[in-house]
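Take a look at the structure below.
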Number of protein chains: 2
Amino acid sequence: MSGDVATGATLKDVAERAGVHPGTASRALNPLTQGLVSEATVRRVQAAAKALAYRPNSIARGLKTNRTMTVGIVVPDLSNPVFAPMVRGAAAVLTQAGYSSVIADTDNDPVKEAEAFDTLRSRQVDGLLVASARREDAAVRALADAGVPTVLLNRRTDRTTLPCVMGDDVWGMEQAVRHLRALGHTRIGHLSGPVTMSTGVERARAFRQFMLELGGDLDPELLEECVTYSVGEGARTGRLLLDRARPTAIIAGNDQIAVGLLDVLEERGLRCPEDVSVVGYNDMPFVDKLSPPLTTVHVPHSAIGAEGSRILLRWLRDGASATTTLSLGVDLVARGSTAPVPEAPAR
Amino acid sequence: MSGDVATGATLKDVAERAGVHPGTASRALNPLTQGLVSEATVRRVQAAAKALAYRPNSIARGLKTNRTMTVGIVVPDLSNPVFAPMVRGAAAVLTQAGYSSVIADTDNDPVKEAEAFDTLRSRQVDGLLVASARREDAAVRALADAGVPTVLLNRRTDRTTLPCVMGDDVWGMEQAVRHLRALGHTRIGHLSGPVTMSTGVERARAFRQFMLELGGDLDPELLEECVTYSVGEGARTGRLLLDRARPTAIIAGNDQIAVGLLDVLEERGLRCPEDVSVVGYNDMPFVDKLSPPLTTVHVPHSAIGAEGSRILLRWLRDGASATTTLSLGVDLVARGSTAPVPEAPAR
DNA sequence: GTGAAAGCGCTAACAC
DNA sequence: GTGTTAGCGCTTTCAC
């Protein structure tokens with residue numbers, strides 16, 4: 001018998017046992033070509049396959065068909081609560097369609113990202129789901145130029161024709177500003193995300209737009225930029241902002257930044273929401289359990305992964321991309337960290 | 001030229017361009033066999049490879065060498081903050097060693113777990129990292145029987161010889177009980193994890209052991225079992241426990257359960273930690289920001305993934321498992337949810 | 001030091 | 001309906 005225990009029986013073994021040619025066995029086992037084979041043979045082959053615990057070697061199949069039924073998923077940081085659900089949503093759809101998911105974590109490092117693309121292409125993945133794109137991303141551009149089926153998740157590159165699925169940042173920010181304006185706030189600060197990422201600039205741009213439209217104070221003093229999406233940066237920029245301005249409310253670029261800001265507020269003896277209202281972005285797990293529970297914009301991360309996968313699957317099936325940018329709906333979730341503007345100015 | 005844009009040049013193309021035989025090109029490109037080829041040829045081949053942006057087809061290599069340099073990682077739920085860092089830690093070590101990680105999310109479903117194993121073996125993964133094992137797990141047993149290199153993470157099966165890396169549950173629980181006893185608590189409840197999982201029973205067993213050793217009230221009234229590790233189950237069992245007993249402290253099977261319990265405490269008008277102290281388990285991200293900040297046992301999930309990968313890698317290299325069970329150190333992190341036992345009994 | 005040739009396990013075009 | 005054949009891209013004996 002060929003093949004060791006872990007490797008298992010080969011198609012040739014099955015064919016031999018069923019007394020047919022390997023080609024016939026192949027046809028009998030493949031649902032699509034099964035019709036070309038007599039029913040009796042199909043049964044015999046299937047019985048043999050079962051008896052030998054035959055497990056098709058999909059790698060050999062891939063070599064022949066030039067399709068591996070594998071998709072690469074590239075994320076900047078899997079332990080970030082934003083990306084794990086995205087991967088999960090993607091993997092669920094892909095598995096359903098018979099695809100496997102190869103994961104690569106770039107650790108927010110452009111070099112590692114490029115290496116990941118290389119490795120993944122070496123492995124002949126049929127397509128790529130990329131959540132790690134920066135606005136200027138040579139590696140992603142190379143992917144696009146090479147014609148590798150690729151769908152961007154959550155973040156997009158500037159001037160790219162690659163399909164992209166993301167939360168609707170403009171609508172999310174509109175809801176945030178509207179909510180705060182409705183509570184009477186005009187002095188609203190913004191701790192924006194990194195300018196190197198589309199989410200950072202697009203939310204910041206939308207912030208300015210709606211402050212203008214909805215009549216808030218568009219004071220440059222109230223704007224601060226985080227270098228990364230992190231608690232530490234939220235604290236750093238929070239201090240900077242509070243040092244020179246007296247906002248009654250602050251919108252953070254994401255929930256981590258908001259958490260850092262909350263720490264700073266406490267450190268300064270400022271109460272949230274009595275003195276300063278805070279709005280986050282993403283609605284990470286358990287931010288509803290913070291004190292105060294965080295008002296934030298809920299983004300359907302799992303759906304982003306799932307929809308991205310569907311677009312990629314369609315691309316793979318039809319052989320052509322649909323250059324869609326899909327903006328998924330987001331919802332402001334009002335919780336305890338926002339309240340009406342205080343009578344007297346803060347501090 | 002063979003191969004389309006996305007597929008790229010093949011080894012044959014490189015050989016042609018360098019004016020050598022494909023076999024020679026193969027040797028020239030492989031660091032291990034490079035010595036067999038003249039330096040001049042090596043340079044010519046490398047130049048050709050570079051010029052054609054040659055990307056070795058690792059799937060073809062795998063077919064020949066019977067190694068895919070791929071590891072399957074199976075988790076019950078990637079969006080659970082416990083497993084994402086574990087996968088990340090594993091992937092980092094594996095990538096470093098030249099392996100890719102294929103992820104499978106079983107959604108806590110034994111059927112999906114078995115299917116995942118099947119798919120992964122079909123794909124000829126060289127080994128498996130399994131974090132979804134239940135105590136009785138036929139699929140995992142089949143893996144072990146088949147001799148598939150497999151390392152269990154975080155949870156183990158009963159009577160298995162498979163190597164396993166986990167946090168030291170006994171030591172974690174000892175610290176939890178000791179901490180509470182030191183604060184004067186004797187009426188300590190336990191909302192244990194599912195009995196179907198090793199972590200559930202082992203923590204519960206350790207709880208009983210140390211309550212005995214350290215002189216707590218080992219009253220069956222103070223014990224409750226969760227069916228899943230979830231906020232909902234924490235709330236359900238929390239209500240049950242509080243309905244019939246008056247603990248001054250409760251140790252939860254994990255942080256999610258603790259969060260559910262915290263909700264119930266509030267719903268009953270019981271203050272934490274003044275009336276009831278609460279201890280969680282895992283130290284999920286942001287439980288330090290809860291109100292009160294959760295005292296919990298920190299488990300090094302990322303290290304579990306990393307160490308598990310190292311054991312698997314060694315197995316793959318040496319061709320034999322070392323049947324280790326590696327218990328990684330854990331640390332109780334005392335925060336605001338635990339306090340000295342109140343003078344008057346709770347409620 | 002390099003070329004020739006076989007073959008990993010499978011599929012697909014072509015016979016019969 | 002089923003067998004035959006070729007070959008996916010690579011590695012690896014075996015010659016020379």
Side-chain angles (χ1 to χ4, degrees), chain A residues 1-4 6-45 48-49 52-70 121-124 126, chain B residues 1-4 6-46 48-49 52-69 121-124 126:
Chain A
M1 203 198 304
S2 87
D4 61 52
T7 305
T10 147
L11 186 59
K12 201 171 135 228
D13 299 332
V14 174
E16 250 166 44
R17 186 180 231 264
V20 297
H21 188 91
T24 308
S26 170
R27 284 183 282 248
L29 259 16
N30 181 222
L32 292 165
T33 51
Q34 208 163 276
L36 307 173
V37 179
S38 84
E39 246 185 74
T41 313
V42 170
R43 267 198 305 277
R44 237 169 345 115
V45 172
L52 297 175
Y54 171 67
R55 215 180 294 281
N57 183 330
S58 49
I59 209 177
R61 173 184 301 162
L63 187 56
K64 181 72 189 175
T65 58
N66 226 359
R67 303 176 61 223
T68 54
M69 298 299 281
T70 294
R121 290 180 67 186
S122 258
R123 294 195 180 268
Q124 315 298 118
D126 294 336
Chain B
M1 205 198 302
S2 88
D4 61 53
T7 305
T10 147
L11 184 61
K12 202 171 134 225
D13 300 330
V14 175
E16 249 165 46
R17 186 179 231 266
V20 297
H21 187 90
T24 308
S26 170
R27 285 182 282 247
L29 259 16
N30 181 221
L32 292 164
T33 52
Q34 208 163 276
L36 306 173
V37 177
S38 83
E39 248 185 71
T41 315
V42 170
R43 267 199 304 278
R44 245 178 330 127
V45 172
Q46 285 180 334
L52 297 175
Y54 171 67
R55 212 181 295 280
N57 182 330
S58 50
I59 207 174
R61 173 183 300 162
L63 186 56
K64 184 71 191 173
T65 58
N66 225 0
R67 303 176 60 221
T68 54
M69 298 299 282
R121 291 180 67 185
S122 258
R123 295 195 181 268
Q124 316 299 119
D126 294 336

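The figures here come from the full heavy-atom set of this structure, side chains too, leaving out hydrogens, waters and symmetry mates. In the text below, chain A, chain B and the rest are named by the order of the sequence lines, each starting its count at 1.
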Those residues of residues 38-46 of chain B lying under 4.0 Å from DNA chain C by at least one heavy atom
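Contacts with DNA chain C under 4.0 Å: B/S38, B/T41.
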
Measure from the side-chain N and O atoms of B/S122 to the backbone N and O of A/S58, and report whether any donor-acceptor pair falls under 3.5 Å.
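Not confirmed, B/S122 side chain does not pair with A/S58 backbone.
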
Using atom [atom1] of [X] as one end and atom [atom2] of [N] as the other, report the distance to the nearest whole Å.
{"X": "A/N66", "N": "C/dA12", "atom1": "CG", "atom2": "C1'", "result": "14 Å"}
{"X": "A/I59", "N": "C/dG7", "atom1": "CD1", "atom2": "C1'", "result": "15 Å"}
{"X": "B/L36", "N": "C/dG3", "atom1": "CG", "atom2": "P", "result": "13 Å"}
{"X": "B/R123", "N": "C/dC10", "atom1": "CZ", "atom2": "C1'", "result": "15 Å"}
{"X": "A/D13", "N": "C/dC8", "atom1": "CG", "atom2": "P", "result": "11 Å"}

For the student: nearest non-hydrogen atoms of [X] and [Y], plus distance:
{"X": "A/R123", "Y": "B/T68", "value": "NH1-O, 2.8 Å"}
{"X": "A/L11", "Y": "A/A25", "value": "CD1-CB, 3.8 Å"}
{"X": "B/D126", "Y": "B/M69", "value": "OD2-N, 2.7 Å"}
{"X": "B/V14", "Y": "B/A48", "value": "O-CB, 3.7 Å"}

When A/L29 is tested against each of A/V37, A/V42, A/T24, A/V45 for side-chain contact (heavy atoms from CB on, under 4.5 Å), which residue passes?
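In the set A/V37, A/V42, A/T24, A/V45, the residue that makes a side-chain contact (heavy atoms from CB on, under 4.5 Å) with A/L29 is A/V45.
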
List the protein contact pattern of nucleotides 10-16 of chain D with one symbol per nucleotide (5' to 3'): B for base contact, S for sugar-phosphate-only contact, - for none; contact means a heavy-atom distance under 4.0 Å.
BBBB---

Counting C-beta onward and ignoring hydrogens, is there a side-chain heavy-atom pair between A/Q124 and A/T70 closer than 4.5 Å?
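In short, these two side chains do not touch, never coming nearer than 4.5 Å.
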
Can you name the side chain to side chain donor-acceptor pair (under 3.5 Å) partners of B/R27, sequence neighbours left out?
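By the side chain to side chain donor-acceptor pair (under 3.5 Å) rule, B/R27 matches no residue at all.
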
